[in-house]
There are 2 protein chains.
Amino acid sequence: MKTSRFRRSNMLALAVLVCLSERPMHPYEMATLMRQRGKHESIKLNYGSLYTVVQSLQSARLIEPKEVEREGRRPERTVYRLAEAGQIEMVDWLSQLISTPVKEYPSFEAALSLLPALPPDEVVALLDVRCLHLEMELARHRSVRQVVAEHELPELFWVEDDFASAMTDAELGWTRRLSQRIKDGEMEGVEVWRQLARERGV
Amino acid sequence: MKTSRFRRSNMLALAVLVCLSERPMHPYEMATLMRQRGKHESIKLNYGSLYTVVQSLQSARLIEPKEVEREGRRPERTVYRLAEAGQIEMVDWLSQLISTPVKEYPSFEAALSLLPALPPDEVVALLDVRCLHLEMELARHRSVRQVVAEHELPELFWVEDDFASAMTDAELGWTRRLSQRIKDGEMEGVEVWRQLARERGV
DNA sequence: CTCCAAATATCCTGGTCAGAGTATATGGCT
DNA sequence: AGCCATATACTCTGACCAGGATATTTGGAG
């Protein structure tokens, strides 16, 4: 009986594999480590998911319990280690993530696709507010960079932040342009749009 | 008793509200409409979710069944209409989506945060493959634009595609730069990285 | 010395969602 | 005339996941 192939949905599972590729540890420790290294900024981390994910990795034979410890009367903690199949899976999964982009559904794109439901003037106002938020986000990224620069942390350990920052920057540029083009009617079909809103009685 | 506030998680629910703000219809018709207008490129659509989402909108009193039809011996179909609360919710939700960016977790960013788990040379190869994929995606976007230009569809109805295209473009630029900087050792810490991989025996 | 907030470590539960399944009708092809 | 692929319209089920609950220990303020 072949165990049904592991479902590569939750990135947290990959993070677990990577943690264990460093050394055996228990789930709570992985969480602490990820927090320390700021990985939770790029990978959604919450305890509920963490323990489920560890379970599913175990039942897929990618990791295995090494020992069960306990200090005083605190809850027991199970230390896991990476299985060989887990090492393979980790490299394979990570490689695929890098080499092959997947279609994702950012909520802003969704909102844009429903734009005709709001009147153009309101949209302009909302877009401008968004720009303010994005600018604040960029400032935050810059300050992060400042900090890592002071600690002389090599670039390797903050590429993800640089990426996020670059994407935010691109989004800001695009959003500004859109807002501007609606404002001065440069965008084709703004008339139709305003009409549409009026008909709908918004 | 106040009905617990509707959970704005699935964008599909918003799409349903917007569909019904146009006119009453039954779920399957919404799906067809979304497909026709290409909304399924920006909002993940599958029947399983659609019917659950409609259910939950109904129990939150945002939409209500208008009538139950049936043609021949085909399955019954329930036509829904937008409730007043639904109209409010739609405008409010959509406004929030536009005005306030939310932290999302793209899988490429996750992968980047785990980069040290792979040796640098492999990463370069993988990044280059990704670039190829992204170029193909951009080409696809361009051809979409060609088609909408031929049909003289106003820009309003394909902003989401333009956005996606701009983001892809930015990602491509960033990825190319990263690959290049690793290749020619311009990136700080590549030595440490290569060392790290060797120690790990990858 | 005592109390409260935060940290340690995991488990439970209800809601959500994707994929597959069901059953009829239509239209084109041979 | 008969057949298959596709369209119509939903339903079911199992997996997944986020949030909160639980129970102990440590550290710091007063």
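Residue numbers begin at 1 in each chain, while the letters A, B, ... track the order of the sequences.
Using a 4.0 Å heavy-atom criterion, one finds that A:S56 contacts no nucleic acid atom at all. Within the 4.0 angstrom heavy-atom criterion, no nucleotide atom of any strand lies near B:T32. Within 4.0 Å of B:E76, counting heavy atoms only, lie sugar-phosphate atoms of the nucleic acid but no base atom.
For the pair A:R35 CZ and C:dA9 C1', the computed distance is 13 Å after rounding to whole Å. The distance between atom OH of A:Y80 and atom P of C:dA9, rounded to the nearest whole Å, is 14 Å. At whole-Å resolution of the value, NZ in B:K44 and P in C:dT16 are 16 Å apart. Note: CZ (A:R77) to P (D:dT22) measures 24 Å, nearest angstrom. If you measure from atom OH of A:Y105 to atom P of C:dT16, you get 21 Å, rounded to the nearest angstrom. Whole-Å rounding puts the B:M11 CE to C:dA18 P distance at 12 Å. Straight-line distance from the CE atom of A:M30 to the C1' atom of C:dA9: 13 Å, rounded to whole Å. With rounding to whole Å, A:Q55 atom CD is found 18 Å from C:dA9 atom P.
Here the rule is salt bridge (charged side-chain N to carboxylate O under 4.0 Å, His left out) with A:E89, and of A:R8, A:R7, A:R61 only A:R8 fits it.
Proximity note for A:R7 (side chain, C-beta onward) versus C:dC11, D:dC16, C:dG15: the nearest is D:dC16. Here C:dA18 is the nucleotide among D:dA18, C:dA18, C:dT10 with the atom lying nearest to any side-chain atom of B:N46. Of the candidates D:dA18, C:dA9, D:dA9, C:dA9 carries the atom nearest the A:Y28 side chain, counting heavy atoms from C-beta on.
At least one side-chain nitrogen or oxygen of A:N10 sits closer than 4.0 Å to the OP1 or OP2 atom of D:dC17. The shortest distance between the side-chain N/O atoms of A:T52 and the OP1/OP2 oxygens of D:dC16 is not below 4.0 Å. For B:S9, no side-chain nitrogen or oxygen approaches OP1 or OP2 of C:dG15 to under 4.0 Å. Here A:Y51 does not reach the OP1 or OP2 of C:dC11: none of its side-chain N or O atoms lies under 4.0 Å away. OP1 or OP2 of D:dC10 sits under 4.0 Å from a side-chain N or O of B:H26.
For the salt bridge (charged side-chain N to carboxylate O under 4.0 Å, His left out) test, no residue two or more places apart in sequence or in another chain qualifies with B:E76.
Here the side chain of A:N46 pairs a donor or acceptor atom with the backbone of A:S49 at under 3.5 angstrom.
Judged as a salt bridge (Lys or Arg N to Asp or Glu O under 4.0 Å), the pairs with a partner in residues 141-151 of chain B (not counting sequence neighbours) are, in order, B:R145-B:D162.
Ring geometry, A:F108 versus A:W174: the interplanar angle exceeds 60°, so the pair is classed perpendicular (tilted spans 30 to 60°).
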